[in-house]
Amino acid sequence: MAVLAESGSNPDVDLLYDINGLAKDAPGWFDRVMEFIGEYGLLLAMALLVLWCWWSVRRRGGEDAAPSVAALVWAPLAAGLAVLVNVPIRGFVERPRPFVDHRGLDVLVDGKTDFSFVSDHATITMALGVGLFVADRRFGLAGIGLALLEGFCRVYMGVHYPTDVVGGFALGTAVVLLLSPPATALLTPLMRAVERSPRAGRLIRRRPAAGSGRDTLLPSARKPLESEERDLAA
């Protein structure tokens with residue numbers, strides 16, 4: 001399919017030059033930091049955020065622990081599925097990388113020979129961010145913020161058009177939300193079954209220490225209570 005944007009009069013290309021132009025004015029060390037963040041750092045940060053959310057849900061416990069963990073499990077699964085969906089999209093659109101058709105870009109990463117539309121990095125990070133939002137809104141907002149930063153970095157690095165990033169955001173969000181109902185319907189009973197397991201249940205919620213429950217009464221404390229109830233009944 002023809003290239004989506006080839007001339008500088010296109011707003012997509014203008015925005016590409018505006019954002020990538022920041023790399024030309026930045027010091028070399030800053031470009032290297034942005035290269036690491038955009039290529040690896042934010043993906044690692046998203047993985048750590050998912051683990052942090054799981055740890056928070058596990059410690060909080062409650063009746064919604066299993067559904068929340070199910071949503072967390074769905075987030076990386078949806079991200080992987082979205083990348084698979086992107087494979088035929090890339091083959092159909094066949095959009096070259098920006099530096100192939102446009103001169104003067106400051107490309108921070110070498111070796112990018114595949115097609116540009118849709119951005120895998122934007123797809124993965126937004127899928128994880130939206131998946132986190134389904135499980136926990138606070139963590140989800142942080143994840144979506146990281147995904148937006150990832151999209152900016154990909155354009156800053158000169159390896160994607162802005163519309164590549166927007167397409168990745170849309171693809172990741174669509175896969176998470178559209179398939180969330182059947183995925184949750186399958187994963188939630190599984191997580192509840194894991195929760196009932198004496199050992200694996202610790203993955204869903206933290207087990208309270210023996211005798212630490214608020215409603216637990218010592219055997220010696222039950223007898224006076226029962227005798228008091230009989231006296232009141234008499």
If I compare all heavy atoms of [X] with all of [Y], which pair ends up nearest, and what's the gap?
X	Y	value
Glu94	Pro96	O-CD, 3.4 Å
Met46	Thr125	CE-O, 3.5 Å
Leu178	Pro181	O-CD, 3.6 Å
Asp136	Cys53	CB-SG, 3.8 Å
Arg192	Pro67	NH2-CG, 3.5 Å
Phe99	Gly158	CD2-O, 3.4 Å

Notebook entry, point to check: Which of these, Asn20, Val165, Leu22, sits in a side chain to side chain contact (heavy atoms under 4.5 Å, CB included) with Val155?
Noted result: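 Result for side chain to side chain contact (heavy atoms under 4.5 Å, CB included) with Val155: Val165.
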Let me confirm one number: the [atom1]-[atom2] distance from [X] to [Y], rounded to the nearest 0.5 Å.
X	Y	atom1	atom2	result
Leu128	Leu146	CG	CG	10.0 Å
Met34	Phe30	CE	CZ	5.0 Å
Asp12	Thr163	CG	OG1	3.0 Å
Ile144	Phe169	CD1	CZ	10.0 Å
Asp101	Ser116	CG	OG	10.0 Å

Are side-chain heavy atoms of [X] and [Y] found at a separation under 4.5 Å?
X	Y	result
Arg59	Trp55	yes
Ile124	Glu150	no
Asp31	Pro27	no

Could you see if [X] belongs to whatever hydrophobic cluster contains [Y]? Use Ile, Leu, Val, Met, Phe, Trp, Tyr and a side-chain cutoff under 4.5 Å.
X	Y	answer
Leu132	Leu44	no
Leu15	Val100	yes
Leu105	Phe115	no
Phe36	Met157	no

Note to self: Taking the six-membered ring for Trp, are Phe152 and His160 closer than 6.0 Å centroid to centroid?
What the structure shows: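 They do not qualify: ring centres at least 6.0 Å apart.
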Check: Between the side chains of Tyr40 and His121, is a donor N or O closer than 3.5 angstrom to an acceptor N or O?
Finding: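 No pair is found: no donor N or O on one side chain lies under 3.5 Å from an acceptor on the other.
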Notebook entry, point to check: Between Asp106 and Tyr156, do the side chains contain an N or O donor and an N or O acceptor separated by less than 3.5 Å?
Noted result: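 Looking only at side-chain atoms, Tyr156 and Asp106 do not form any donor-acceptor pair under 3.5 Å.
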Margin query: For Phe139 and Leu49: C-alpha separation, side-chain torsions, deciding distance, then whether side chain to side chain contact (heavy atoms under 4.5 Å, CB included) applies.
Written below: CA-CA 7 Å; Phe139 284 94; Leu49 190 63; 3.7 Å; yes
Next item on the list: Check salt bridge (charged side-chain N to carboxylate O under 4.0 Å, His left out) between Asp114 and all other residues, then give those that pass, not counting sequence neighbours.
Entry: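 Once residues adjacent in sequence are excluded, the partners of Asp114 under the salt bridge (charged side-chain N to carboxylate O under 4.0 Å, His left out) criterion are Arg90, Arg97.
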Side-chain donor/acceptor pairs under 3.5 Å, residues 68-89, sequence neighbours excluded:
unit_1: Ser68; atom_1: OG; unit_2: Asp64; atom_2: O; d: 2.9
unit_1: Trp74; atom_1: NE1; unit_2: Val176; atom_2: O; d: 3.2
unit_1: Asn86; atom_1: OD1; unit_2: Val118; atom_2: N; d: 3.3
unit_1: Asn86; atom_1: ND2; unit_2: Val118; atom_2: O; d: 2.9
unit_1: Asn86; atom_1: ND2; unit_2: Asp120; atom_2: OD1; d: 2.7

Next item on the list: Sequence neighbours left out, what passes side-chain hydrogen bond (donor to acceptor under 3.5 Å, both in side chains) with Glu39? Give chain and number order.
Entry: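 Glu39: side-chain hydrogen bond (donor to acceptor under 3.5 Å, both in side chains) contacts with Lys112, Arg154.
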Next item on the list: Walk me through it: do Val166 and Tyr161 pass the test side chain to side chain contact (heavy atoms under 4.5 Å, CB included)?
Entry: CA-CA 9 Å; Val166 173; Tyr161 294 95; over 6 Å; no
